[in-house]
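One structure below.
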Amino acid sequence: MMILGENVNTLKVIDSSLRLIVIPLSIASLWLTLTNYQDNDTYGRLEFNNLKGLKFFVSISAISAGYALIAVVSSWVKNLMNKAWIFFVCDQVVAYLMVACVGSMGDILYLVYNGNQKVTWSEACSSYGRFCARLNLILVLHFIATICFFALSLISSFRVFTRFGPPLSSKEAENETT
(Lines give C-alpha, C1' and ligand atoms only; values in the text may rest on other atoms or scores of the structure.)
Protein backbone atom coordinates (compact mmCIF):
# COMPACT_ATOMS: atom_id res chain seq x y z
CA MET A 1 0.00 0.00 0.00
CA MET A 2 1.39 3.39 -0.95
CA ILE A 3 1.04 5.93 1.83
CA LEU A 4 3.10 9.06 2.28
CA GLY A 5 5.18 8.17 -0.79
CA GLU A 6 6.60 4.92 0.59
CA ASN A 7 5.62 1.30 0.69
CA VAL A 8 3.92 0.71 4.06
CA ASN A 9 2.52 -2.57 5.29
CA THR A 10 -1.30 -2.60 5.17
CA LEU A 11 -1.49 -4.35 8.52
CA LYS A 12 0.59 -1.60 10.10
CA VAL A 13 -1.78 1.05 8.75
CA ILE A 14 -4.82 -0.82 10.06
CA ASP A 15 -3.10 -1.28 13.43
CA SER A 16 -2.25 2.42 13.70
CA SER A 17 -5.72 3.47 12.55
CA LEU A 18 -7.41 1.30 15.17
CA ARG A 19 -5.13 2.69 17.87
CA LEU A 20 -5.90 6.23 16.73
CA ILE A 21 -9.63 5.46 16.86
CA VAL A 22 -9.35 4.10 20.41
CA ILE A 23 -7.73 7.27 21.77
CA PRO A 24 -10.66 9.69 21.27
CA LEU A 25 -13.22 7.00 22.17
CA SER A 26 -11.47 6.28 25.47
CA ILE A 27 -10.94 9.95 26.25
CA ALA A 28 -14.57 10.75 25.43
CA SER A 29 -15.89 7.95 27.64
CA LEU A 30 -13.47 9.00 30.38
CA TRP A 31 -14.58 12.64 30.20
CA LEU A 32 -18.27 11.74 30.06
CA THR A 33 -17.87 9.52 33.12
CA LEU A 34 -15.96 12.10 35.12
CA THR A 35 -18.48 14.84 34.34
CA ASN A 36 -21.58 12.69 34.73
CA TYR A 37 -23.66 13.80 37.70
CA GLN A 38 -27.22 14.73 38.45
CA ASP A 39 -28.85 16.44 41.39
CA ASN A 40 -32.21 15.38 42.74
CA ASP A 41 -34.16 17.28 45.41
CA THR A 42 -35.41 14.09 47.01
CA TYR A 43 -32.34 11.83 46.89
CA GLY A 44 -29.42 14.23 46.52
CA ARG A 45 -26.54 14.13 44.07
CA LEU A 46 -25.48 11.08 42.06
CA GLU A 47 -22.04 11.06 40.45
CA PHE A 48 -19.44 8.57 39.30
CA ASN A 49 -17.74 8.55 42.73
CA ASN A 50 -20.85 6.93 44.18
CA LEU A 51 -20.36 3.77 42.09
CA LYS A 52 -17.15 1.76 42.54
CA GLY A 53 -17.53 0.17 39.12
CA LEU A 54 -17.29 3.61 37.51
CA LYS A 55 -14.04 4.30 39.35
CA PHE A 56 -12.64 1.09 37.83
CA PHE A 57 -14.00 2.18 34.46
CA VAL A 58 -12.26 5.57 34.69
CA SER A 59 -8.94 3.89 35.47
CA ILE A 60 -9.17 1.44 32.59
CA SER A 61 -10.27 4.15 30.14
CA ALA A 62 -7.24 6.24 31.07
CA ILE A 63 -4.93 3.22 30.76
CA SER A 64 -6.34 2.24 27.36
CA ALA A 65 -6.05 5.78 25.97
CA GLY A 66 -2.50 6.19 27.28
CA TYR A 67 -1.40 2.79 26.05
CA ALA A 68 -2.96 3.35 22.61
CA LEU A 69 -1.11 6.67 22.29
CA ILE A 70 2.23 5.17 23.34
CA ALA A 71 1.71 2.14 21.09
CA VAL A 72 0.80 4.14 17.99
CA VAL A 73 3.88 6.34 18.39
CA SER A 74 6.20 3.45 19.16
CA SER A 75 4.84 1.33 16.30
CA TRP A 76 6.41 3.74 13.84
CA VAL A 77 9.82 3.58 15.55
CA LYS A 78 11.82 0.84 13.84
CA ASN A 79 13.62 -0.54 16.91
CA LEU A 80 10.43 -0.87 18.94
CA MET A 81 8.39 -2.42 16.16
CA ASN A 82 10.61 -5.51 16.34
CA LYS A 83 9.28 -6.14 19.84
CA ALA A 84 6.09 -7.87 18.67
CA TRP A 85 5.82 -9.82 21.92
CA ILE A 86 5.52 -6.60 23.93
CA PHE A 87 2.64 -5.40 21.77
CA PHE A 88 1.05 -8.85 21.89
CA VAL A 89 1.07 -9.07 25.68
CA CYS A 90 0.00 -5.45 26.23
CA ASP A 91 -2.78 -5.66 23.64
CA GLN A 92 -4.09 -8.84 25.28
CA VAL A 93 -4.03 -7.33 28.77
CA VAL A 94 -5.74 -4.09 27.72
CA ALA A 95 -8.34 -5.97 25.66
CA TYR A 96 -9.23 -8.17 28.64
CA LEU A 97 -9.39 -5.19 30.98
CA MET A 98 -11.70 -3.41 28.57
CA VAL A 99 -13.95 -6.48 28.32
CA ALA A 100 -14.10 -6.52 32.13
CA CYS A 101 -15.14 -2.86 32.03
CA VAL A 102 -17.92 -3.58 29.56
CA GLY A 103 -19.21 -6.26 31.94
CA SER A 104 -18.94 -3.90 34.87
CA MET A 105 -20.80 -1.15 33.02
CA GLY A 106 -23.47 -3.61 31.93
CA ASP A 107 -23.98 -4.62 35.54
CA ILE A 108 -24.15 -1.01 36.67
CA LEU A 109 -26.67 -0.15 33.96
CA TYR A 110 -28.80 -3.16 34.85
CA LEU A 111 -28.87 -2.12 38.50
CA VAL A 112 -29.65 1.56 37.87
CA TYR A 113 -32.47 0.63 35.48
CA ASN A 114 -33.93 -2.35 37.36
CA GLY A 115 -32.57 -2.21 40.90
CA ASN A 116 -32.34 -5.33 43.05
CA GLN A 117 -35.42 -5.88 45.17
CA LYS A 118 -33.83 -8.77 47.13
CA VAL A 119 -31.39 -6.37 48.77
CA THR A 120 -33.82 -3.42 48.71
CA TRP A 121 -32.04 -1.44 45.99
CA SER A 122 -34.52 0.51 43.96
CA GLU A 123 -33.93 1.53 40.38
CA ALA A 124 -32.44 5.00 39.96
CA CYS A 125 -33.20 6.01 36.38
CA SER A 126 -36.68 7.34 37.12
CA SER A 127 -35.04 9.86 39.45
CA TYR A 128 -31.73 10.30 37.59
CA GLY A 129 -32.68 10.02 33.92
CA ARG A 130 -29.90 12.19 32.49
CA PHE A 131 -27.26 10.30 34.48
CA CYS A 132 -28.55 6.99 33.10
CA ALA A 133 -28.73 8.29 29.53
CA ARG A 134 -25.08 9.35 29.70
CA LEU A 135 -24.14 5.95 31.10
CA ASN A 136 -25.71 4.38 28.00
CA LEU A 137 -23.64 6.64 25.74
CA ILE A 138 -20.49 5.85 27.74
CA LEU A 139 -21.14 2.13 27.36
CA VAL A 140 -21.56 2.47 23.58
CA LEU A 141 -18.32 4.44 23.21
CA HIS A 142 -16.41 2.01 25.39
CA PHE A 143 -17.87 -0.98 23.56
CA ILE A 144 -16.63 0.40 20.22
CA ALA A 145 -13.17 0.94 21.74
CA THR A 146 -13.27 -2.63 23.08
CA ILE A 147 -14.03 -3.98 19.61
CA CYS A 148 -11.05 -2.01 18.29
CA PHE A 149 -8.80 -3.51 20.97
CA PHE A 150 -10.14 -6.96 20.21
CA ALA A 151 -9.10 -6.45 16.58
CA LEU A 152 -5.74 -5.11 17.74
CA SER A 153 -5.18 -8.20 19.87
CA LEU A 154 -5.89 -10.36 16.82
CA ILE A 155 -3.45 -8.33 14.71
CA SER A 156 -0.72 -8.52 17.33
CA SER A 157 -1.34 -12.27 17.70
CA PHE A 158 -1.01 -12.67 13.96
CA ARG A 159 2.24 -10.69 13.94
CA VAL A 160 3.78 -12.78 16.71
CA PHE A 161 2.69 -16.22 15.63
CA THR A 162 3.39 -15.85 11.90
CA ARG A 163 7.07 -15.61 12.79
CA PHE A 164 7.03 -19.29 13.66
CA GLY A 165 6.38 -22.29 11.49
CA PRO A 166 3.45 -24.62 12.07
CA PRO A 167 3.89 -27.22 14.79
CA LEU A 168 5.26 -30.60 13.77
CA SER A 169 3.02 -33.61 13.87
CA SER A 170 4.22 -36.56 15.96
CA LYS A 171 5.25 -38.45 12.80
CA GLU A 172 7.30 -35.50 11.53
CA ALA A 173 8.97 -35.15 14.93
CA GLU A 174 9.91 -38.86 14.91
CA ASN A 175 11.35 -38.52 11.41
CA GLU A 176 13.49 -35.56 12.47
CA THR A 177 14.93 -37.39 15.46
CA THR A 178 15.91 -40.45 13.39
Side-chain angles (χ1 to χ4, degrees), residues 1-37 47-49 51-110 112-113 130-167:
M1 172 182 247
M2 293 295 289
I3 293 182
L4 303 174
E6 58 185 67
N7 190 10
V8 176
N9 186 354
T10 304
L11 200 56
K12 187 174 182 178
V13 172
I14 293 170
D15 181 271
S16 296
S17 299
L18 286 171
R19 292 183 196 283
L20 288 172
I21 290 169
V22 165
I23 295 168
L25 289 172
S26 294
I27 291 173
S29 63
L30 176 67
W31 178 77
L32 285 170
T33 305
L34 290 173
T35 60
N36 193 12
Y37 70 91
E47 57 188 352
F48 91 96
N49 283 331
L51 303 168
K52 294 234 186 246
L54 290 180
K55 291 178 183 179
F56 173 68
F57 179 81
V58 165
S59 301
I60 300 306
S61 291
I63 289 168
S64 66
Y67 168 68
L69 180 63
I70 291 168
V72 78
V73 169
S74 64
S75 70
W76 290 92
V77 176
K78 286 225 184 256
N79 293 337
L80 292 176
M81 196 55 214
N82 294 332
K83 310 294 185 218
W85 279 101
I86 294 172
F87 285 109
F88 170 70
V89 171
C90 292
D91 286 347
Q92 298 297 318
V93 168
V94 173
Y96 287 125
L97 287 173
M98 291 185 74
V99 167
C101 276
V102 168
S104 173
M105 282 294 290
D107 189 37
I108 290 169
L109 280 170
Y110 179 81
V112 296
Y113 273 103
R130 187 178 59 84
F131 185 85
C132 294
R134 286 185 82 177
L135 282 181
N136 284 327
L137 176 61
I138 292 164
L139 179 62
V140 168
L141 292 174
H142 189 73
F143 185 73
I144 295 168
T146 302
I147 290 171
C148 291
F149 257 107
F150 180 73
L152 286 166
S153 70
L154 290 175
I155 290 170
S156 63
S157 299
F158 177 78
R159 281 190 177 147
V160 167
F161 295 115
T162 55
R163 293 178 181 209
F164 304 103

TODO: Determine the minimum heavy-atom distance between R159 and K12, stating which atoms define it.
DONE: NH2-CA, 3.2 Å
Task: Contact check, side chains of N36 and F48, non-hydrogen atoms, under 4.5 Å - done: no
Open item on the list: Check this for me: F143, atom CZ, are more than 12 non-hydrogen atoms of other residues, nucleotides or ligands nearer than 6.0 Å?
Closed with: no
Open item on the list: Is there a side-chain contact between F57 and I108 in this structure, where contact means two heavy atoms from C-beta onward sitting under 4.5 Å apart?
Closed with: no
Open item on the list: Contact between Y113 and L135 at the side-chain level, heavy atoms closer than 4.5 Å - yes or no?
Closed with: no
TODO: Check for a donor-acceptor pair, side chain of S64 on one end and backbone N or O of S61 on the other, with a separation under 3.5 Å.
DONE: yes
Task: Sub-4.5 Å side-chain heavy-atom contact between Y67 and V93 - done: no
Task: Least distance between heavy atoms, C132 atom then L109 atom - done: O-CD2, 4.2 Å
- [ ] Look up atom CG in L69 and atom CD1 in I27, then write down how far apart they are to the nearest 0.5 Å.
- [x] 7.5 Å
- [ ] Considering non-hydrogen atoms only, spot the tightest contact between A65 and I23 and give its length.
- [x] O-CG1, 4.0 Å
Open item on the list: So does S26 get a backbone contact from the side chain of S29, meaning a donor-acceptor N/O pair under 3.5 Å?
Closed with: yes
- [ ] Identify the heavy atoms of V22 and A145 that sit nearest to each other, and give their distance.
- [x] CG2-O, 4.0 Å
Open item on the list: Please report the interatomic distance OG1(T146) to CG(L25), rounded to the nearest 0.5 Å.
Closed with: 9.5 Å
Task: Pairwise side-chain contact, S153 with F150, heavy-atom cut-off 4.5 Å (strictly under) - done: yes
Open item on the list: Which heavy atom of L139 sits nearest to which heavy atom of M105, and what is that distance?
Closed with: CD1-CB, 3.6 Å
Task: M98 versus H142, closest heavy-atom pair with distance - done: O-NE2, 3.3 Å
TODO: Check whether any side-chain heavy atom of L152 lies under 4.5 Å from a side-chain heavy atom of F149, and answer yes or no.
DONE: yes
Task: Pairwise distance SG(C148) to CG(L20) - rounded to 0.5 angstrom - done: 10.5 Å
Open item on the list: Quick check for you: to the nearest 0.5 Å, what is the distance between I138 atom CD1 and L34 atom CG?
Closed with: 9.0 Å
Task: Residues in ring-ring contact (aromatic ring centres under 6.0 Å, His included) contact with F88, at least two apart in sequence or another chain - done: W85, F161
Task: Pairs flagged by salt bridge (charged side-chain N to carboxylate O under 4.0 Å, His left out) wherever residues 18-33 is involved - sequence neighbours left out - done: D15-R19, R19-D91
